[in-house]
Structures are given as C-alpha cells and as structure tokens.
Amino acid sequence: MTEDVQKHSVHTLVFRSLKRTHDMFVADHAKAVALDDESHKLKLAVKLKADYSPVLHMPVLKEGKDRMSQYPDGLHDNEAYMQPADDPEYLITGTHAYPSGPGVALTADTKVHRNPSESGIHSLALALPPSQARQESSRTAATVAEIRRGAERAHAQSTALLLLEGGGTRNSNLLRRTPVMPKPQWHPPWKLFRVISGHLGWVRSIAVEPGNQWFVTGSADRTIKIWDLASGKLKLSLTGHISTVRGVAVSSRSPYLFSCGEDKQVKCWDLEYNKVIRHYHGHLSAVYDLDLHPTIDVLMTCSRDATARVWDIRTKANVHTLTGHTNTVATVRCQAAEPQVITGSHDSTIRLWDLIAGKTRATLTNHKKSVRTLVMHPRQYTFASGSADNIKQWMFPDGNFIQNLSGHNAIINTLAVNSDGVLVSGADNGTIHMWDWRTGYNFQRIHAAVQPGSLDSESGIFACVFDHSESRLITAEADKTIKVYKEDETATEESHPVNWKPEILKRKRY
C-alpha cells in the first residue's frame with residue numbers, strides 16, 4: 001500500500017526555499033551586544049582590585065582629582081583608593097633636590113630645596129612601616145630617574161636644533177635614521193617547465209582542483225578544458241558558453257565546477273555527469289570573475305554591470321546584490337574571516353564588504369588606475385591588489401595600507417602568492433615578476449617566448465595560480481597556451497645571490 005505524497009504548488013516550494021535562504025543570513029552575529037552599565041561598573045571594580053590592589057593605598061595625584069568623576073560609583077566606595085580631604089597634595093619626596101627638567105614647575109617653595117637633616121630622615125623612616133618605607137623609597141627613586149631622563153632628552157633635542165640652526169655637521173647622529181629596506185628572504189628562481197597547447201583562443205582563467213590531480217582552464221574559444229596536472233594531457237572539454245569564459249572555480253565542498261563568461265551566464269557543472277545542473281541569472285552584462293566562499297555554500301560573481309552578486313548555490317537565489325562601484329567590477333575574492341568579500345573595480349577602488357548586511361565596510365581609494373586583480377596571503381591576514389600604477393599590500397580587516405611594490409610597469413592582470421612568501425604578478429605585455437612578499441623585493445623577471453606561429457603582440461598573461469603543493473606555477477596566456485613553471489632545484493644562494501643593497505626606501509607611502 002503506497003502512502004499519498006502531499007503535493008505542493010511551485011509557488012509554495014519556491015517560497016520555502018527562499019525562506020530557508022533568508023533564515024541562513026538573517027542572524028546578525030557581528031552586531032555588538034549592548035553595554036550594561038551595572039556589569040561595566042562591576043567589571044571595573046573587579047579589575048581595580050585584581051590589578052591595582054598593591055597601589056590603592058597611595059594618594060591620588062593632584063591632576064587626578066578632577067578626573068574622579070569619571071570613575072564608576074563602585075570605585076568611589078573603596079576607602080583606600082579615595083584620598084582624605086585633609087591629606088596634603090602628593091609631591092615627590094626624598095633626599096635629592098629637584099633636577100632641572102621638563103614638567104617640574106619651580107615655585108617659591110621648590111626654587112630653593114634644602115636636603116633634610118640626618119635626624120629628619122631617620123624620623124621619617126621610623127614613622128613608616130617597613131614595607132611602605134621600601135615602596136616609598138623605590139617610588140621616589142624611579143620618579144627622580146624619570147625626570148632626569150626627560151631632562152637629558154630635552155637637552156639632546158635642544159642641541160640638535162642648535163646644530164641645525166647653526167649649520168652644524170653633527171646633526172646626522174642626532175636625527176632619526178632614514179628607513180632602509182630589510183634584507184629579503186632568498187627564493188630559488190623559477191624556470192619554464194612545460195607548455196600546454198589545445199585552446200583555440202586566449203586562455204582567460206585557471207583553477208586547480210582541491211585534490212591537486214587536475215586543473216581547469218576557461219578560454220575565449222568558449223570552451224572549458226580539464227587537464228591532468230602531472231602529465232599536462234587533456235582529460236575533458238566542456239562546451240556550453242556562447243562567449244569567452246572569464247572565470248572558473250572548483251568547489252572543495254561538492255563535486256561542482258563553476259564558470260562565468262561574457263555571455264552574462266554563470267553555470268554550475270556536475271563533474272560526475274559533466275553537465276550543467278544550475279544557472280544563476282541576474283547579471284546585466286559580462287561576468288568577469290567568480291569565487292566560492294570557503295565555509296558556506298555561497299558563490300560570488302562580479303560583472304561589467306558594476307555589481308557583485310551573492311548566490312545561494314543550492315537554491316540559485318540572488319541573496320545580495322553588492323552595489324557601490326561606479327564601473328566594471330573586475331575581480332572578487334572570498335574568505336572565512338571578516339571582511340568575507342573583497343572586490344576590485346575599474347573605478348580604481350577596492351571595497352571590503354559585510355556579507356551578512358550586504359553593505360560596504362570600507363572603500364580603499366589609493367589606486368589611480370583600474371584594479372584588475374586581488375590575492376589574499378594564505379597564512380597572513382593581508383592581501384595585495386594589482387593595477388597599472390603599482391601593486392599595493394593591505395592589512396585586514398580595515399584595509400590599512402602596508403607598502404607599494406613598484407617596478408612592474410604594465411597593466412597587471414593577475415596576482416598569485418604562496419606560503420613561502422613568493423608573490424607573482426602577470427601583465428598584459430607577457431612579463432612575469434617575482435616578488436618577496438615581506439620586503440617587496442623583485443627577485444626575478446620572466447618574459448617567455450610566445451608559441452610559434454603567434455604574433456609578438458599576443459604576449460600577455462591573463463591568469464596565474466600556484467597548485468596546492470605550491471611547487472608549480474600555472475599561467476594562462478594570450479598565445480593560446482598554458483605554461484607551467486617550477487623552482488630551479490639546482491639553484492643555491494651562492495649560485496643565485498640576492499642582488500640586494502640596503503637602499504633608502506623610496507616607495508610612496510600611500
């Protein structure tokens with residue numbers, strides 16, 4: 001006997017699916033909890049007792065009297081902390097006269113300071129408990145030493161100013177030293193290992209699958225090809241796009257391949273059947289890049305329509321449309337930590353996004369030319385952006401500027417970085433520059449010859465990526481080839497020394 005299966009209308013099923021997607025993103029976990037005054041007062045009182053109990057018996061400084069109103073009521077209840085009304089003002093005491101130093105106001109009482117007599121010192125020591133006497137002596141000595149150090153600093157500064165005004169020659173020793181570039185880490189040079197042909201158009205995108213067995217490329221010939229990483233042989237060709245394939249990504253959470261192209265389409269391919277199983281409709285113009293979120297089933301795409309879109313992979317719902325850029329959004333990157341989405345645009349800005357709210361967290365306006373590529377460091381909480389003006393490094397989460405990497409004077413289409421700190425930049429003129437991530441030192445430049453039969457003008461790097469072992473660098477080029485590079489295993493630091501001089505830093509600081 002078969003049970004009756006309840007049937008629902010398409011409208012009901014779609015509504016339920018959208019509701020599940022909404023519930024997944026509605027929780028605002030990043031919102032700070034409201035501050036409770038009672039808890040805050042209790043916290044400060046506990047911290048005061050736990051961290052500052054050894055000094056609570058000391059009287060309050062004169063300038064601290066005006067600040068007493070800042071403290072919560074719970075702190076005023078501590079009798080040891082409050083200064084009695086009839087106590088004299090807290091002054092430096094001891095057996096030494098005031099040194100001439102900054103911050104010590106000379107009054108009628110302190111202009112002439114007489115050292116106390118031996119009997120006065122003895123009576124003072126007897127009046128105090130032994131532990132407090134030791135505290136008083138150490139406190140006084142430290143304070144006097146600090147005043148003397150301040151006096152020496154003031155004297156050094158005044159001497160430097162006098163030398164500058166008088167044209168002295170010793171000012172170089174007194175002024176702050178000019179920063180120099182630290183010595184970069186040595187990296188072995190990279191050499192061309194293999195050239196793979198097969199595409200009939202420019203190769204625009206690359207992605208390596210999580211198991212490191214094969215990689216996938218997208219091309220202007222409208223095909224997606226899957227290649228064996230070890231041998232370089234073609235395993236599979238996928239057709240379905242009707243224009244250039246601009247982006248590919250392989251999921252680490254499911255057997256899916258995602259692709260996007262200039263035909264405005266975003267496709268999800270099931271690699272068990274090698275067929276398209278989902279389309280994501282919404283972009284109004286060519287889709288230039290895509291990336292997968294590492295921890296949730298969400299896909300990001302960016303387009304020439306000046307937007308980036310967030311898609312629920314399972315339901316195909318357009319969860320967010322990230323608007324704010326004023327020109328083509330050329331690149332998008334995702335990470336598990338905040339900010340979870342970063343975009344670079346031809347309007348020369350980089351935006352960091354709040355994925356939950358679907359709004360901009362920060363806008364970085366340092367670049368003067370189109371930002372065509374972004375890359376995140378696999379271990380550090382930093383990222384780099386590539387543009388025709390230069391490469392810039394930034395710190396998460398707020399996008400604080402770190403440094404410029406200048407010297408690759410071309411339109412930079414792609415960046416890649418490995419855990420060893422090797423940053424690779426590929427440009428429109430076919431040149432590849434290798435950089436040391438920490439110092440920004442350019443340790444190698446490569447310009448591989450184009451495929452025989454191609455024009456010299458077809459020398460261009462559109463995409464590059466390290467495989468997961470980070471021993472191979474794969475580039476997608478305008479001469480319709482895929483080139484694989486590897487480190488020179490025979491190279492040593494003696495045979496290929498770092499041609500480095502501790503030059504004064506001339507990089508722009510913006």
Side-chain angles (χ1 to χ4, degrees), residues 28-107 109-110 113 116 120-154 156-157 176 336-339 354 361-362 379-382 395-400 402:
D28 193 357
H29 299 295
K31 189 174 181 181
V33 180
L35 187 67
D36 180 59
D37 291 339
E38 199 64 32
S39 301
H40 185 60
K41 290 176 184 177
L42 184 61
K43 175 187 170 184
L44 287 182
V46 171
K47 184 176 178 64
L48 180 73
K49 189 170 182 180
D51 294 350
Y52 303 106
S53 56
V55 295
L56 285 180
H57 68 279
M58 295 172 64
V60 184
L61 290 171
K62 181 181 179 182
E63 56 266 27
K65 287 181 179 179
D66 300 332
R67 301 184 206 155
M68 290 303 295
S69 59
Q70 298 179 36
Y71 295 108
D73 298 338
L75 304 189
H76 292 295
D77 298 338
N78 194 323
E79 295 176 3
Y81 183 78
M82 296 296 293
Q83 182 185 14
D86 55 347
D87 271 10
E89 294 173 359
Y90 176 48
L91 299 174
I92 299 174
T93 57
T95 58
H96 299 283
Y98 278 107
S100 174
V104 180
L106 294 180
T107 64
D109 296 326
T110 57
H113 185 96
I121 297 170
H122 186 63
S123 61
L124 178 65
L126 288 175
L128 291 171
S131 60
Q132 192 171 349
R134 284 195 295 272
Q135 290 175 1
E136 287 288 326
S137 62
S138 63
R139 174 160 57 89
T140 302
T143 311
V144 171
E146 286 168 5
I147 293 173
R148 282 184 172 159
R149 281 197 294 272
E152 289 167 4
R153 282 197 298 271
Q157 290 170 0
R176 188 167 59 184
E338 292 290 345
D354 181 341
R361 282 173 55 115
R379 291 184 179 172
Q380 300 176 15
Y381 198 36
T382 56
M395 179 76 72
F396 285 125
D398 300 319
N400 297 324
I402 300 174

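All figures in this text were calculated on a predicted structure; none of them were measured in a lab.
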With sequence neighbours excluded, tell me which residues meet side chain to side chain contact (heavy atoms under 4.5 Å, CB included) with Asp36.
-> Glu38, Ser39

Looking at residues at least two apart in the chain, or sitting in another chain, which of them share a salt bridge (charged side-chain N to carboxylate O under 4.0 Å, His left out) with Asp51?
-> Lys47

Partner residues of Tyr381 under the ring pair (Phe, Tyr, Trp, His ring centres under 6.0 Å) criterion, sequence neighbours left out = Phe396

For the student: nearest non-hydrogen atoms of Glu338 and Pro397, plus distance | O-CB, 3.8 Å

Can you name the residues that form a side chain to side chain contact (heavy atoms under 4.5 Å, CB included) with Ala50, not counting sequence neighbours?
-> none

Could you go step by step and tell me if Gln380 and Met395 meet the side-chain contact (heavy atoms from CB on, under 4.5 Å) rule?
-> CA-CA 9 Å; Gln380 300 176 15; Met395 179 76 72; over 6 Å; no

